Amino acid sequence: MSHRNFNLAGVIGNPVGHSRSPKIHNHWLHQHGLSGSYIAMEISAEDFPQVIKTLPKMGFRGVNVTIPFKELVLQHVDIVSDTAAIIGAANTVIYRKNGTSYADNTDSAGFINNIRDMAPDWHPDRGPALVIGAGGAARAVIQSLLWEGVATVFVTNRTRQRAEMLATDFGNRVKLINFSELTGILPTMMMVVNTTSMGMHGMPDLMIPFDRLNPRAVVSDIVYTPRETHFLRKAHKQGCEVVDGLGMLLHQAARSFDYWFDVKPEIDDAVYTIAMDT
Ligand code: ATR
């Protein structure tokens, strides 16, 4: 069998044991009658450069890259997409037939495609957005909101300096605010997104002045364990439309799958059930 008839992909990171990606991608491979496999591979930082070079020789179409290699990977591929370059991190590597490796960040499209799916009435013209956090996930979300046409994105973060760097990178459509200013600006925010790990199992909940949320705002969380976070529950109580993080996970996965295997997988109830199953 030629390498390219066997559909091989995976995720490299450290640790990767908790990753839900193998379940998701193997489900789609099976669903589409494709032979192959998606596997989790835990590797050391020392071995990373060699692993990235060797995988295509072993027949891999590509890999997802996760913590702590999302930034490092940019230095070890031939081509970096504009999206990944702006975000400063990639989560997907594609090994092209011509022998070059290409890195992209599918979190960005994953976020906005999930919003389009789950909150179809939301429109970028509705008003400004607030992004809480300033890490890689925040950059992916901000990029997608700016590309979608949101005029102004406000950002707040525990460590102000990190948010300052982010604001400098994105330019004047991104505005930095202090946490204490949320009370004043929340009523005008039409999209509010948590990109921090707050609210995840084992982490404290994210507390914002929930009573200041505009009921017309769409509120989203990138945390998906639990699927309904305290943050989303409180926003829902305020009358906001809420979009959970599991959809973003599935949408970024679907885009990677399409890159490698040239098939757009369906994001249906079956894959939601599989992704939730721990
Ligand atoms: P990712 O790539 O998933 O975005 P990251 O780059 O580590 O991960 O970013 C994590 C984000 O969650 C940051 O905005 C971080 O705030 P700091 O920049 O101040 O570290 C935020 N975060 C994590 N734990 C937090 C906590 N306990 N309280 C407030 N913010 C927290």
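One-based numbering along the sequence shown. Because the structure is a prediction, the values reported are computed rather than measured. All ligand and atom numbering here is 1-based and tracks the order in the structure. The figures that follow rest on heavy atoms only: side chains count, while hydrogens, waters and symmetry mates do not.
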Could you tell me whether a side-chain N or O of Thr159 sits under 3.5 Å from a main-chain N or O of Gln161, the two making a donor and an acceptor?
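Checking the backbone N and O of Gln161 against the side chain of Thr159, no donor-acceptor pair under 3.5 Å is found.
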Is Gln75 reaching over with its side chain to a backbone N or O of Leu72, donor-acceptor style, under 3.5 angstrom?
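No, Gln75 side chain to Leu72 backbone: no donor-acceptor pair under 3.5 Å.
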Checking Arg96 against Tyr102: charged group under 6.0 Å from the ring centre and within 45 degrees of the axis?
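So Arg96 does make the cation-pi contact.
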Mind checking whether Tyr38 and Trp260 have parallel, tilted or perpendicular rings, split at 30° and 60°?
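Ring orientation, 0 to 90° scale: tilted.
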Should Ala137 be counted as touching ligand 1, given the test is an N or O pair under 3.5 Å?
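Yes.
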Is the shortest N/O to N/O distance between Thr196 and ligand 1 below 3.5 Å?
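Looking only at distances, the answer is no, because the N/O contact criterion of under 3.5 Å is not met.
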Could you tell me whether the side chains of Thr196 and Asn194 share a donor-acceptor contact shorter than 3.5 Å?
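The criterion, which ignores hydrogens and geometry beyond distance, is satisfied for Asn194 and Thr196.
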With backbone taken as N, CA, C and O and side chain as the heavy atoms from C-beta onward, which portion of Met198 lies under 4.0 Å from ligand 1: side chain, backbone, both, or neither?
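Only the side chain of Met198 comes within reach of ligand 1.
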Contact partition for Asn157 relative to ligand 1, non-hydrogen atoms under 4.0 Å:
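Under 4.0 Å from ligand 1, Asn157 contributes side-chain atoms alone.
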Start with the C-alpha distance between Glu241 and Arg216, add both sets of side-chain angles, then the distance that settles salt bridge (Lys or Arg N to Asp or Glu O under 4.0 Å), and finish with yes or no.
CA-CA 7 Å; Glu241 190 172 3; Arg216 288 188 64 231; over 6 Å; no
Just to confirm my output: which protein heavy-atom neighbour is closest to atom 19 (O) of ligand 1, and how far is it?
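Protein heavy atom at minimum distance: Thr159 OG1, 2.4 Å.
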From the options [options], select the one whose nearest heavy atom is closest to [atom].
atom                    : options                : result
atom 7 (O) of ligand 1  : Glu71, Arg139, Arg162  : Arg162
atom 2 (O) of ligand 1  : Ala140, Ala163, Gly136 : Gly136
atom 31 (C) of ligand 1 : Met203, Arg158, Gln161 : Arg158

Any atoms of ligand 1 less than 4.0 Å from a non-hydrogen atom of Gly133? List them with their elements.
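Per the distance check, 14 (O).
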Numbered atoms of ligand 1 (with element) below 4.0 Å of Ser197, judged on heavy atoms:
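Listed by number with element, the hits are 12 (O), 23 (C), 24 (N).
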Does this structure show an ion pair linking Asp107 with Lys70, if we count only N-O contacts that are shorter than 4.0 Å?
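Here Asp107 pairs with Lys70 in a salt bridge, since their nearest N and O are under 4.0 Å apart.
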